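Heads up: the structure comes next, in structure tokens.
All figures in this text were calculated on a predicted structure; none of them were measured in a lab. A note on names: the letters A, B, ... follow the listed sequences, proteins ahead of strands, and every chain is numbered from 1.
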2 protein chains.
Amino acid sequence: MISSVSEPIRPVPEPLASFIAGELMGAIEQGHYKPGTRLVEAEIAQRFGVSRAPVREALRMLMKDDLVMRRPRRGTVVTELSAAEVSEMYEVRSALYAAVVRLFVRRASDGEVAGYAVWRQRINDLAADATVTPARFVDATQAASIYVVERCGNARLQAGFRKMTRQSYRYYAEMAHGTVAHRRELACLATAMLEAMQARDAEAASMLAWRISESNHAAALVAIAAQEKPG
Amino acid sequence: MISSVSEPIRPVPEPLASFIAGELMGAIEQGHYKPGTRLVEAEIAQRFGVSRAPVREALRMLMKDDLVMRRPRRGTVVTELSAAEVSEMYEVRSALYAAVVRLFVRRASDGEVAGYAVWRQRINDLAADATVTPARFVDATQAASIYVVERCGNARLQAGFRKMTRQSYRYYAEMAHGTVAHRRELACLATAMLEAMQARDAEAASMLAWRISESNHAAALVAIAAQEKPG
DNA sequence: ATTTAGACGACTGTCGACAATTTGGCGCTC
DNA sequence: GAGCGCCAAATTGTCGACAGTCGTCTAAAT
């Protein structure tokens, strides 16, 4: 089991705001609150049985992750991104992932590189099986990228990547990895990247990471377009 | 029309929190508050003649930019970065700049690419003149990078890059660009990048952008080390 | 002299109330 | 019937107060 390093071991009672922020975050990410939904402080406060102060703090926390947006005196709404904006986010995510892989190749131990082979194998297996659901395939690719990101040795890079990933997932959901062609391409790229990692070729691996991201980017845009058109 | 916000305390035009956040931000960036300084809500509130509520909001805003850090029930302090952490930030900044240049090459007009030549020329001139102060040289390289960043067509990338740049500047200040060798290297790399841009070679330009960032990164680490050692 | 329990001060977390502002509906005028 | 300004509800911004926690200082015990 991989114990989450960022988990605070705190014997202190958690401030109400953190709890509420967590609840709201989950609700937003699971689509309980849809983009554009207005979050009224008093309403949330009443629902949780607290005053508005901790709710305001919670909303500020969500704002830090760009999960909600706030306009002065006009309230807080769940962030709503256009297709162009989602595309922007993928570009940032791609840049960060490329950097992550570059650092990983430079710093990871041989054992850690070998660890990635396990994830690549899993991706390969799932890509070959047409009965696999998009959600399961997404989980596998996610796990693979997280494995690398956690070992790149740069906490800020890691945080930025996770933030972008978390946000983008609200939009293309699991639909994006449905096509066989896309899965095959990802499996192929992952294999090539693994080889570059083993050869300690940071440039090549980084470039392949970029191409993996671009592939996901393209798939996401297709999924979003399909999602908006038919209704 | 939005009237001048720099008026001491205006209750109407903008929420108090925004005004206070701006004041604090300026104070931090200009070194009035040094890293590690504790920001006590009540004290700030009294100084501005307001209650603690808007001060809390202001501190949250600063937290979004990572200018201050907050630990539950332990208050807010001006962000204090170790050399390792500054190094992390430069890695992120480098990744973003590489992506910026890649997009710029893809999307910018020929005229915009030509515009960069002006900045490169200025960097070249300043690098050749030993009497130029580090501050002036920094301003020139800054302006050049901002020129590109503003035209990359990705607002999130731009925001992220600026955030990293703003923060890192509090640390290495202007000291980093003092050596002639470093200036010469930057001028050389900028020239090469310009040529790659003109040839519309996104990969090459992006790679050179990375190397420019790495050069700045290295210079910054030297400056920081020099700053901490002698005291 | 060092360590540890208790108390004190300082500060943050939370609360309820009031003030200010935006939004939407209503009636009025043209 | 359409456009415009006014009124009222809804919601955020700000305030002062109280409660709870953290760090420290003191004092007693070993």
Exercise for the section: Could you please spell out the steps behind the salt bridge (Lys or Arg N to Asp or Glu O under 4.0 Å) verdict for B:D65 and B:K163? Expected result: CA-CA 7 Å; B:D65 287 344; B:K163 179 175 154 186; 5.8 Å; no
Exercise for the section: Kindly determine whether B:S213 and B:R93 satisfy side chain to side chain donor-acceptor pair (under 3.5 Å), including the steps that lead there. Expected result: CA-CA 8 Å; B:S213 296; B:R93 199 183 103 112; 5.2 Å; no
Exercise for the section: Start with the C-alpha distance between B:L157 and A:E88, add both sets of side-chain angles, then the distance that settles side chain to side chain contact (heavy atoms under 4.5 Å, CB included), and finish with yes or no. Expected result: CA-CA 8 Å; B:L157 212 43; A:E88 278 196 358; over 6 Å; no
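Side-chain contact, B:H217 with B:S87: a donor N or O sits under 3.5 Å from an acceptor N or O.
A:F19 places its CZ atom 16 Å from the C1' atom of C:dT14, with the value rounded to the nearest Å. Summarising the geometry, the separation between CD on A:E41 and C1' on D:dT11 is reported as 8 Å, rounded to the nearest angstrom. Distance A:R73 CZ to D:dT11 C1': 11 Å, rounded to the nearest Å. Separating the CD1 atom of A:I44 from the P atom of D:dT11 is a distance of 12 Å, rounded to the nearest angstrom. If you take CG of A:L39 and C1' of D:dT11, they are 13 Å apart, rounded to a whole angstrom.
Test A:V68, A:T76, A:T79 against A:L62 for side chain to side chain contact (heavy atoms under 4.5 Å, CB included) and you get one pass: A:V68.
In terms of position along DNA chain C, the nucleotide closest to B:R38 lies nearer the 5' end than the nucleotide closest to the other residue of the pair A:R74 and B:R38. Toward the 5′ end of DNA chain C lies the nearest nucleotide of A:E57, the other residue of the pair A:E57 and A:P72 mapping further downstream.
Annotation: proximity of residues 45-56 of chain A to DNA chain D (heavy atom, distance under 4.0 Å) is found for A:R52, A:R56, numbered in ascending order. Within a heavy-atom distance below 4.0 Å of DNA chain C, no residue of residues 58-71 of chain A is found.
Put simply, the side chain of A:R70 reaches to within 4.5 Å of the side chain of A:R60, judged on heavy atoms. Looking only at side-chain heavy atoms (C-beta outward), B:W210 and B:Y97 stay at 4.5 Å or farther from each other.
Ring pair A:W119/A:Y147 is tilted by interplanar angle, where 30° to 60° counts as tilted.
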